[in-house]
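Order of appearance sets the numbers: ligands from 1, and atoms from 1 within every ligand. A quick note: this is a predicted structure, and the numbers were derived from the prediction, not measured. All residue numbers refer to positions in the sequence shown, counting from 1.
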Amino acid sequence: MTTRKKIALIGAGNIGGELANLACEKQLGDVVLFDIPPKENFAKGKALDLEQNSAIRGFDASVVGTSKWSDCAGADVIIVTAGIPRKPGQSRDDLIAINLPIIRDVADNAKTHCPNAFVIVISNPLDAMVYEFKRRTGFPKERVVGMAGVLDSGRFQLFLARAAGVSVKDVRATVLGGHGDDMVPVLSATTINGVPVSQLLPLDTIQGIVERTRKGGGEIVGLMGTSAFYAPASSAIAMAEAYLLDQKRLLPCAAFLTGEYGYKDLYMGVPVVIGGKGVERIIELSLSSEEKAMLEKSAASVKTIVEVVKKN
Ligand SMILES: NC(=O)c1ccc[n+]([C@@H]2O[C@H](COP(=O)([O-])OP(=O)(O)OC[C@H]3O[C@@H](n4cnc5c(N)ncnc54)[C@H](O)[C@@H]3O)[C@@H](O)[C@H]2O)c1
């Protein structure tokens with residue numbers, strides 16, 4: 001019997017596979033790659049490929065592919081990518097009809113088999129899927145969080161670094177709001193190693209980068225015919241690692257709001273501290289009036305899609 005942590009990845013597709021790879025490389029714990037019965041052999045094959053990688057890369061984690069929820073029992077962390085990704089021309093919200101029953105199925109099984117897990121939802125439309133997962137399981141808000149902001153901020157940071165001709169390591173940026181085309185890159189919290197970005201780049205260049213960031217997911221869907229998976233997986237692993245290692249990292253994540261920023265009963269991207277207790281704190285930034293207006297627009301979009309979830 002191992003004392004290693006257990007990480008259950010629900011969905012063994014593109015993101016699920018990369019999540020498993022990173023969890024193994026970082027030695028975060030043993031990995032279970034779960035998918036539906038028609039994809040069981042695919043999950044088993046991926047798991048075997050990754051486990052054989054342990055001999056070459058030098059990690060001890062076990063990787064199991066399965067379609068049985070009992071294999072996920074007692075997981076410390078669950079990362080949910082179950083569902084379908086976008087195809088060119090689709091919005092994230094177009095996925096709701098197919099992904100809503102899937103997230104409900106996942107939530108019911110997670111509640112039965114992994115009642116104490118810290119849960120990171122990735123499936124789209126993200127803010128609605130994570131809302132439904134929490135509602136359906138009744139898990140505390142500290143233990144259910146959505147991944148979007150780390151990815152969106154990463155995209156923003158990369159584009160800024162390239163435009164400014166500086167290392168991406170020195171760019172700090174945060175993106176708030178829903179995971180949609182009206183997400184809010186917060187310029188007042190965006191610096192290049194402490195230097196306000198407005199001192200290094202002209203405003204119209206920054207505005208162009210904001211637009212590209214907002215459509216950053218769609219740009220990749222247009223090129224590949226399916227969604228991104230390397231950076232989404234890295235983003236969720238950063239969140240899982242912060243929880244498992246009690247790092248108390250300040251990361252933009254979709255968190256359940258109970259009045260913060262003036263919103264409640266809603267999941268939306270805000271800066272949170274993730275540590276061993278899960279979402280330990282939500283940080284309220286002081287926003288400019290323009291940023292507040294953008295956040296309001298983004299919240300309105302999230303509310304619309306959450307209403308669809310509540311009605312169905
Ligand atoms: N939050 C974000 O920032 C972000 C970024 C990229 C993609 N996504 C979303 O993540 C999701 C997964 O993307 P992907 O590229 O890995 O897709 P994918 O199609 O490669 O993998 C999804 C997997 O989920 C499985 N699945 C379906 N129903 C299931 C169920 N009931 N239980 C368990 N597994 C089930 C499918 O069989 C498939 O293998 C999509 O909804 C996509 O839009 C979110």
Revision key, fill the gap. Out of Leu151, Ile10, Asp35, the nearest non-hydrogen contact to atom 26 (N) of ligand 1 is supplied by Asp35

Review point. Do Lys134's NZ or CZ and the ring of Phe256 fall within the cation-pi criteria of under 6.0 Å and 45°?
Key: yes

Review point. Taking only heavy atoms of Lys39, which atoms of ligand 1 are found under 4.0 Å from at least one of them?
Key: 37 (O), 38 (C), 39 (O)

Review point. Regarding Ser123 and Asn99, is there a side-chain donor-to-acceptor distance under 3.5 Å anywhere?
Key: no

Study note, to complete from the structure: Note: heavy atom closest to atom 24 (O) of ligand 1, options Gly83, Pro85, Gly13, belongs to Gly83

Practice item. Please report which non-hydrogen protein atom sits nearest to atom 43 (O) of ligand 1, along with the residue it belongs to and the distance in Å to one decimal place. Key: Asn124 ND2, 3.0 Å

Exercise for review: If you have a sec, work out which protein heavy atom is nearest atom 1 (N) of ligand 1 and how many Å separate them, to one decimal?
Suggested key: Met147 O, 2.8 Å

Exercise for review: Pull out every atom of ligand 1 sitting under 4.0 Å from any heavy atom of Asn99, numbered as shown with elements.
Suggested key: 41 (O)

Review point. Which of the listed options, Leu126, Thr81, Ile84, holds the heavy atom that is closest to atom 40 (C) of ligand 1?
Key: Ile84

Check your understanding: Closest non-hydrogen protein atom to atom 35 (C) of ligand 1, residue and atom name please, with distance?
Key -> Ala82 CB, 3.5 Å

Check your understanding: Side chains of Asp49 and Asn53: do they bring a donor and an acceptor to under 3.5 Å?
Key -> no

**Study point:** Intermediate values then yes/no, side-chain contact (heavy atoms from CB on, under 4.5 Å), Cys72 and Ile78
**Key:** CA-CA 9 Å; Cys72 303; Ile78 300 178; over 6 Å; no

Review point. Quick one: nearest non-hydrogen protein atom to atom 20 (O) of ligand 1, plus distance?
Key: Asn14 N, 2.8 Å

Exercise for review: Heavy-atom distances under 4.0 Å are what count here, so tell me which part of Asp152 touches ligand 1: side chain, backbone, both or neither.
Suggested key: neither

Practice item. Quick one: look at His179 and ligand 1, take heavy-atom pairs under 4.0 Å, and tell me if it's side chain, backbone, both or neither. Key: side chain

Check your understanding: Would you find more than 12 non-hydrogen atoms of other residues, nucleotides or ligands less than 6.0 Å from Ile56 atom CD1?
Key -> yes

Exercise for review: Can you label the angle between the His113 ring and the Trp69 ring as parallel, tilted or perpendicular, going by 30° and 60°?
Suggested key: parallel

Exercise for review: Check step by step if side-chain contact (heavy atoms from CB on, under 4.5 Å) holds for Ile237 and Ser234.
Suggested key: CA-CA 5 Å; Ile237 289 293; Ser234 299; 5.7 Å; no

Check your understanding: Out of Asp105, Thr226, Val150, whose heavy atom sits nearest atom 31 (N) of ligand 1?
Key -> Asp105

Exercise for review: Using distance alone, decide if ligand 1 has a nitrogen or oxygen within less than 3.5 Å of any nitrogen or oxygen in Ile122.
Suggested key: yes

Point to revise | Atoms in ligand 1 flagged as close to Ile36, the criterion being non-hydrogen separation under 4.0 Å | key: 28 (N), 29 (C), 30 (C), 31 (N), 32 (N), 35 (C), 37 (O)

Point to revise | ligand 1 contact by Phe34, heavy-atom criterion under 4.0 angstrom | key: yes

Point to revise | Donor on one side chain, acceptor on other, Glu296 and Tyr263, under 3.5 Å | key: yes

Exercise for review: Walk me through it: do Arg281 and Lys248 pass the test side-chain contact (heavy atoms from CB on, under 4.5 Å)?
Suggested key: CA-CA 9 Å; Arg281 256 188 308 154; Lys248 307 206 187 296; over 6 Å; no

Exercise for review: Kindly determine whether Asp265 and Lys310 satisfy side-chain contact (heavy atoms from CB on, under 4.5 Å), including the steps that lead there.
Suggested key: CA-CA 12 Å; Asp265 192 31; Lys310 284 183 181 168; 3.2 Å; yes

Practice item. Please report which non-hydrogen protein atom sits nearest to atom 13 (O) of ligand 1, along with the residue it belongs to and the distance in Å to one decimal place. Key: Ile15 CD1, 3.6 Å

Review point. Should the proximity of Ala228 to ligand 1, defined as any heavy atom under 4.0 Å, be assigned to the side chain, the backbone, both, or neither?
Key: backbone

Exercise for review: Would you please determine whether Leu95 falls within less than 4.0 Å of ligand 1 on a heavy-atom basis?
Suggested key: yes

Exercise for review: Check Ile15, Ile10, Val130 against Ile122 for a side-chain contact (heavy atoms from CB on, under 4.5 Å) and give me the one that passes.
Suggested key: Ile15

